[in-house]
Amino acid sequence: MESKVVDENEEGPVVPMRVDRFGFVKQEHGPTEGLARSRSAFEYQRDERRIRKWRKMIGVGGSDWKQYVRRKPHVVKRRIRKGIPDCLRGLVWQLISGSRDLLLLNPGVYEQLIIYETSASELDIIRDISRTFPSHVFFQQRHGPGQRSLYNVLKAYSVFDRDVGYVQGMGFVAGLLLLYMSEEDAFWLLVALLKGAVHTPMEGMYLVGLPLVQQYLFQFDHLVKEHMPKLGEHFAQEMINPSMYASQWFITVFSYSFPFHLALRIWDVFLFEGVKVVFKVGLALLKYCHDDLVKLPFEKLIHALRNFPEDAMNPDILLPMAFSIKASPLSLSLSLSPFPPPSL
């Protein structure tokens with residue numbers, strides 16, 4: 001019987017890259033069919049009905065959006081809280097953030113910033129590019145289209161606003177936007193957020209010393225003590241403060257280390273309702289895990305606050321809990337606080 005000679009240089013079978021429905025590479029081994037459960041006919045029809053409702057609400061290219069929001073703001077708020085259909089997310093984000101108007105009012109500005117201006121932050125941006133969503137196929141290729149687009153957006157903003165320049169956490173915000181829109185659209189949404197086109201400007205989160213982050217963490221600490229006094233007391237005894245676990249919640253609006261499907265749902269609401277949803281989601285996470293957290297010593301507490309259980313990350317459970325959180329009048333007028341907590 002003739003033996004088969006194996007060529008060591010011969011390439012083996014190509015193993016297909018396993019990615020989830022958002023484009024993140026999955027590391028676990030096993031059958032690929034487990035990655036995404038197929039939708040039932042009922043779910044498909046339900047999703048199609050949702051998309052039709054949203055298209056009617058938006059109009060062609062967003063032409064009916066502003067009128068619909070004025071006529072039925074509560075319907076818009078309810079639908080956004082349920083989640084924007086993924087196929088329409090990029091357009092809706094631009095409409096609710098005010099960035100579409102900024103784009104139309106500033107033709108050619110983005111190209112000018114990219115081509116003709118230089119930034120003092122260019123080396124810092126290049127250094128951090130590969131650290132932004134490294135497991136997403138769009139950003140994996142070194143100097144590939146995703147990394148180039150991310151560099152362009154961050155460089156353009158660092159020139160547009162030299163007081164802010166570039167801070168590492170901005171990469172995750174810009175990266176998230178680039179997964180749903182073009183470079184220029186992502187740039188103007190970044191401008192809308194940091195300059196406050198609709199809500200409180202975010203730029204204080206990225207200025208030297210991160211003053212707005214410090215303010216939000218101070219306020220969050222008071223809200224934890226108000227809403228969960230037992231946990232607040234335990235944190236004080238273990239010398240735990242929000243800067244140890246919640247800074248990235250505010251700097252990246254949960255896009256840094258949280259499951260992507262949850263981050264998207266939070267961003268839907270954040271762009272429409274503002275930063276109060278970051279406080280609410282943070283409080284809801286602590287509330288959901290309250291009974292476990294109050295029992296943990298310092299080291300295990302820090303680990304738990306940076307690694308929440310999978311069941312706590314279900315947006316259909318966590319977000320309704322977050323929306324139900326209300327602030328008492330006391331939290332709005334803390335005489336000892338230089339930063340009164342936001343109205344929730």
Side-chain angles (χ1 to χ4, degrees), residues 22-24 84 89-90 92-100 102-103 110 113 119 121 124-136 138-139 146-161 163-208 210-213 216-217 246-279 281-282:
F22 297 113
F24 288 90
I84 300 168
R89 190 165 259 132
V92 175
W93 280 5
Q94 293 172 62
L95 294 172
I96 62 182
S97 68
S99 69
R100 174 58 64 91
L102 291 176
L103 171 68
Y110 178 72
L113 294 170
S119 167
S121 304
D124 291 333
I125 295 171
I126 292 170
R127 179 198 64 205
D128 291 338
I129 287 292
S130 61
R131 303 175 187 175
T132 304
F133 295 126
S135 63
H136 195 283
F138 186 55
F139 297 112
Q147 292 195 5
R148 286 199 304 270
S149 291
L150 183 57
Y151 169 81
N152 286 343
V153 170
L154 294 172
K155 182 241 181 178
Y157 193 85
S158 70
V159 174
F160 178 82
D161 185 352
D163 289 335
V164 169
Y166 164 74
V167 176
Q168 188 175 7
M170 294 168 65
F172 282 89
V173 173
L176 179 72
L177 301 178
L178 282 168
L179 296 179
Y180 284 90
M181 61 196 72
S182 70
E183 275 184 35
E184 189 172 14
D185 290 333
F187 168 77
W188 286 112
L189 208 156
L190 196 59
V191 172
L193 289 174
L194 270 67
K195 292 301 182 183
V198 175
H199 299 295
T200 304
M202 285 178 64
E203 63 183 349
M205 294 224 265
Y206 307 114
L207 291 170
V208 176
L210 312 179
L212 193 58
V213 178
Y216 286 160
L217 293 175
S247 296
Q248 290 291 348
W249 297 358
F250 291 97
I251 292 172
T252 69
V253 191
F254 294 103
S255 63
Y256 173 63
S257 60
F258 278 64
F260 197 67
H261 67 284
L262 173 60
L264 291 175
R265 291 284 301 278
I266 295 171
W267 268 80
D268 290 345
V269 183
F270 166 69
L271 290 172
F272 190 65
E273 299 185 32
V275 73
K276 65 182 180 181
V277 74
V278 180
F279 287 90
V281 170

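The analysis underlying the following values was restricted to heavy atoms, covering all of them including side chains, and did not include hydrogens, waters or symmetry mates.
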Heavy-atom check, side chain of M202 versus side chain of V253, under 4.5 Å = yes
Hey, does L176 have a side-chain heavy atom less than 4.5 Å from the side chain of L264?
-> yes
Should I96 and V198 count as side-chain neighbours, where that means a heavy-atom distance under 4.5 Å?
-> no
Closest approach of V173 and T252, non-hydrogen atoms and distance?
-> CG2-CA, 4.1 Å
Heavy-atom donor-acceptor pair, D268 side chain to I84 backbone, under 3.5 Å = yes
Shortest non-hydrogen pair, V164 vs E203, comes out as CG2-CB, 3.9 Å
Report yes if the side chains of W249 and I266 come closer than 4.5 Å at any heavy-atom pair, otherwise no.
-> no
Can you measure from CZ (F272) to OG (S97) and round to the nearest 0.5 angstrom?
-> 12.0 Å
Provide the closest heavy-atom pair for L150 versus A174 in the form atom of the first, atom of the second, distance.
-> CD1-CB, 3.7 Å
Smallest separation among heavy atoms of S119 and V159, with atom names = CB-CG2, 3.7 Å
Can you measure from CG (L154) to CG (L190) and round to the nearest 0.5 angstrom?
-> 7.5 Å
Do the non-hydrogen side-chain atoms of L189 and Y180 ever get within less than 4.5 Å of each other?
-> no
Flag, side chain of H199 to backbone of L271, donor-acceptor distance under 3.5 Å = yes
Do the non-hydrogen side-chain atoms of F138 and L179 ever get within less than 4.5 Å of each other?
-> yes
CZ/F258: more than 12 non-hydrogen atoms of other groups inside 6.0 Å | yes
Interatomic distance, OG@S182 vs CH2@W188, rounded to 0.5 Å, equals 12.5 Å
Hey, what do you get for OH (Y166) to CD1 (I126), rounding to the nearest 0.5 Å?
-> 11.0 Å
Between CG of L102 and CZ of R100, what distance do you get to the nearest 0.5 Å?
-> 11.5 Å
Might you point out which heavy atoms bring M181 and W93 nearest each other, and give the distance in Å?
-> CE-CE3, 4.1 Å
Worked check of side-chain contact (heavy atoms from CB on, under 4.5 Å) between L217 and S247 | CA-CA 7 Å; L217 293 175; S247 296; 3.5 Å; yes
Is there a donor in the side chain of S121 and an acceptor in the side chain of D124, or the other way round, less than 3.5 Å apart?
-> no
Atom pair CD (Q147) and CZ (F139), whose distance is rounded to the nearest 0.5 Å = 8.5 Å
What pair of heavy atoms forms the shortest contact from L178 to A186, and how long is it?
-> CD2-CB, 3.8 Å
Can you label the angle between the F160 ring and the Y157 ring as parallel, tilted or perpendicular, going by 30° and 60°?
-> tilted
Determine, stepwise, if the pair N152 / K155 fulfils side-chain contact (heavy atoms from CB on, under 4.5 Å).
-> CA-CA 5 Å; N152 286 343; K155 182 241 181 178; 5.8 Å; no
Answer yes or no: is there a side-chain heavy-atom contact under 4.5 Å between I251 and L210?
-> yes
For the residue pair F172 and F133, does the interplanar ring angle fall in the parallel (under 30°), tilted (30 to 60°) or perpendicular (over 60°) class?
-> perpendicular
What orientation do F187 and Y110 show, parallel under 30°, tilted 30 to 60°, or perpendicular over 60°?
-> tilted
Verify whether the ring centers belonging to F250 and F279 lie closer than 6.0 Å.
-> yes
Just wondering, do M170 and L194 contact through their side chains at under 4.5 Å, heavy atoms?
-> yes
